[in-house]
Number of protein chains: 2
Amino acid sequence: MTTSELAEPRTPRRREVIPEATVARLPLYLRALHTLADEGTQTVSSEALAEASGVNSAKLRKDLSQLGSYGTRGVGYDVTHLISQISRELGLSRRCSVVLVGVGNLGRALAGYGGFASRGLAIDALLDADRAMTGEQIAGMTVRHIDDLAQVVVPGSIGVIATPASAAQEVCDLLVGAGVTSILNFAPTVLNVPADVDLRKVDLSIELQILSFHEHRKSLA
Amino acid sequence: MTTSELAEPRTPRRREVIPEATVARLPLYLRALHTLADEGTQTVSSEALAEASGVNSAKLRKDLSQLGSYGTRGVGYDVTHLISQISRELGLSRRCSVVLVGVGNLGRALAGYGGFASRGLAIDALLDADRAMTGEQIAGMTVRHIDDLAQVVVPGSIGVIATPASAAQEVCDLLVGAGVTSILNFAPTVLNVPADVDLRKVDLSIELQILSFHEHRKSLA
DNA sequence: ACGCGCTTGTGAACGCGCGCACAAAGTCAG
DNA sequence: CTGACTTTGTGCGCGCGTTCACAAGCGCGT
Ligand SMILES: NC(=O)c1ccc[n+]([C@@H]2O[C@H](COP(=O)([O-])OP(=O)(O)OC[C@H]3O[C@@H](n4cnc5c(N)ncnc54)[C@H](O)[C@@H]3O)[C@@H](O)[C@H]2O)c1
Ligand SMILES: NC(=O)c1ccc[n+]([C@@H]2O[C@H](COP(=O)([O-])OP(=O)(O)OC[C@H]3O[C@@H](n4cnc5c(N)ncnc54)[C@H](O)[C@@H]3O)[C@@H](O)[C@H]2O)c1
């Protein structure tokens, strides 16, 4: 409750800081919105969009209010407008460079995956330490040697690690050294990064173990 | 504070219900413990194990106390004992059957992945709707047609969906129909399941978008 | 035998996120 | 123009999870 709270009641309250939980759901909404847009839907209520996204409708409204989005009471949200707002917030307007390190079984699957290409995110470069692989064409890209890392990284690049766990920290350090500040790690290891680097991990072994736990629990109920 | 609280002060307080957040970290501890065991370490302090797992040490201790695990004050935890305790809690003692549906780019990578085999979890069956693939040998397993689903599912099986999004709900329904109550979904769709079915999802498109968001934020700081 | 130092286990405070429930605000029909 | 209906935006209480900080406990050296 500072001094000037009645001064600007009409200003869209774009939150300076968006809660992490909200950020994690925006892509979900975005996907649902694209589906709706493809079906020709113009307008959607929070109830319907929440249903399509698999979340609570109050949560959805609160999330959208965070980004200053204005729906229309009695009507709902404009699908196209919402798409562009969320896209802008996620930084998907300007295409984002993604660099993949480790072109093995998993790396090849990722390289050929078109799922994010449609949303402004696409893998731009493939790197591997194996010289036998250098020059190979995969999904329209040429595999380059890891030594060329500095040449493919641009400011704002996202790094993806799909190497064996034993090489992950080393690759991570190389990425950080090249200026990458956002890393997605598929290797089952704890990685150490400077505080200014964002690190996320995907570990399906962990996912399976969590499911195993619940399955185990059910069996002894 | 019920009546008999002083009666059994020595009973290991095995929690009847373990918090979800704790369950999600147990596999992390398990991995770190296996590494320690391989190095011949006998005993580990909460501080050291927390460091190796990338978590706070107080959190680690609270997590372990949940499963009634007893460390020794002044010494730490017995590595071997802790491994068997966590493994038992996660249900990894008795090998757990995993059924993979959708043998495409991603499915093949998963099929050949040995990362969970070492921890009591391994894929037992590969299923696909494409008849041209039926009978093919992948990673020592024969691809079977999706119609054979009921024959490969056993009570306690975990289902993994790696089909295109358009087929995911249909496959999901088939799995549920066959008695599967734990599903891991890689397709970018919201799946509807009965309340008694555990559903987890892995969506790297979402992971990338979250990273994109933070990268975007940094750029306009 | 006994105290010293190390480490566990946990009480308590805090902050975040969730979801209910409702008032405010807008639409649309007549 | 008015009133009824629809849907948003959010205040509020609650429960979960995280972390600090410390007392209790255990081993070891003397
Ligand atoms: N395959 C899967 O389904 C799967 C699933 C989950 C996690 N993972 C994890 O993903 C990672 C990759 O798995 P994979 O099956 O593709 O392994 P892989 O062995 O098939 O491929 C690893 C690739 O990394 C390259 N590499 C090794 N060291 C490197 C370095 N220092 N710099 C650059 N490249 C290097 C290798 O040349 C190889 O091409 C592993 O950590 C694995 O645990 C894989
Ligand atoms: N490839 C990746 O790196 C990647 C990454 C993230 C997510 N995904 C998701 O994982 C899923 C699979 O991706 P992919 O690249 O392996 O696709 P893909 O097209 O290569 O493989 C899909 C497989 O599913 C099979 N299939 C289709 N309908 C089926 C049905 N009804 N029953 C059983 N099998 C059926 C197809 O025959 C095919 O073999 C997709 O939903 C994709 O969005 C893929």
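Note on naming: letters A, B, ... go to the chains in the order of the sequence lines (proteins, then strands), and numbering restarts at 1 for each one. Atoms considered below: every heavy atom in the structure, side chains included; atoms not considered: hydrogens, waters and symmetry mates.
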Under 4.0 Å, counting only non-hydrogen atoms across every strand here, what does A:A58 touch: a base, just sugar-phosphate, or nothing?
base
Rounded to whole Å, CG of B:L82 lies from C1' of C:dG9 at a distance of 14 Å
Say whether B:S182 and A:E215, considering side chains only, have a donor N or O and an acceptor N or O under 3.5 Å apart.
yes
Ignoring hydrogens and angles, are the base of C:dT8 and the side chain of B:R73 linked by a donor-acceptor pair under 3.5 Å?
yes
Would you say B:S46 reaches C:dT8's phosphate, i.e. side-chain N/O to OP1/OP2 under 4.0 Å?
yes
Given atom CG of B:L49 and atom P of C:dG9, what is their separation to the nearest angstrom?
12 Å
Considering only side-chain heavy atoms of A:E20, which listed nucleotide, C:dG17, D:dT8, D:dC26, is closest?
C:dG17
Sub-3.5 Å donor-acceptor pair from the side chain of B:S87 to the main-chain atoms of B:S84, do we have one?
no
Is B:K62 side chain donor-acceptor paired with the D:dT18 base, going by distance under 3.5 Å alone?
no
May I have the distance from A:Q66 (atom CD) to C:dG17 (atom P), rounded to whole angstrom?
9 Å
Between D:dT8 atom P and A:L64 atom CG, what is the distance in whole Å?
9 Å
Sidechain N-carboxylate O distance under 4.0 Å for A:R61, A:E47:
no
Check whether B:H216 reaches the backbone of B:S212 with its side chain - one donor and one acceptor, N or O, closer than 3.5 Å.
no
note: B:I18, atom CD1; D:dC16, atom C1'; distance rounded to Å ~ 16 Å
Residue whose closest nucleotide on DNA chain C lies nearer the 5' end, A:D63 versus A:V75:
A:D63
A:R61 has an atom CZ; how far is it from atom P of C:dG17, in whole Å?
19 Å
May I ask you to decide whether A:D196 forms a salt bridge with B:K218, counting only side-chain N to carboxylate O separations under 4.0 Å?
no
Just how far, in rounded Å, is C1' of D:dG17 from CG of B:L60?
15 Å
Is A:N56 near enough to C:dC20 that one of its side-chain N or O atoms lies under 4.0 angstrom from OP1 or OP2?
yes
Could you state the CZ-C1' distance from A:R25 to C:dC16, rounded to the nearest angstrom?
12 Å
Measure from the side chain of B:A21, starting at C-beta and using heavy atoms only, and say which of C:dC18, D:dT18, D:dT8 lies closest.
D:dT18
Proximal nucleotide (of D:dG17, D:dG27, C:dG9) relative to the B:Y70 side chain
C:dG9
According to a strict under-4.0 Å criterion, is B:Y77 in side-chain N/O contact with OP1 or OP2 of C:dG9?
yes
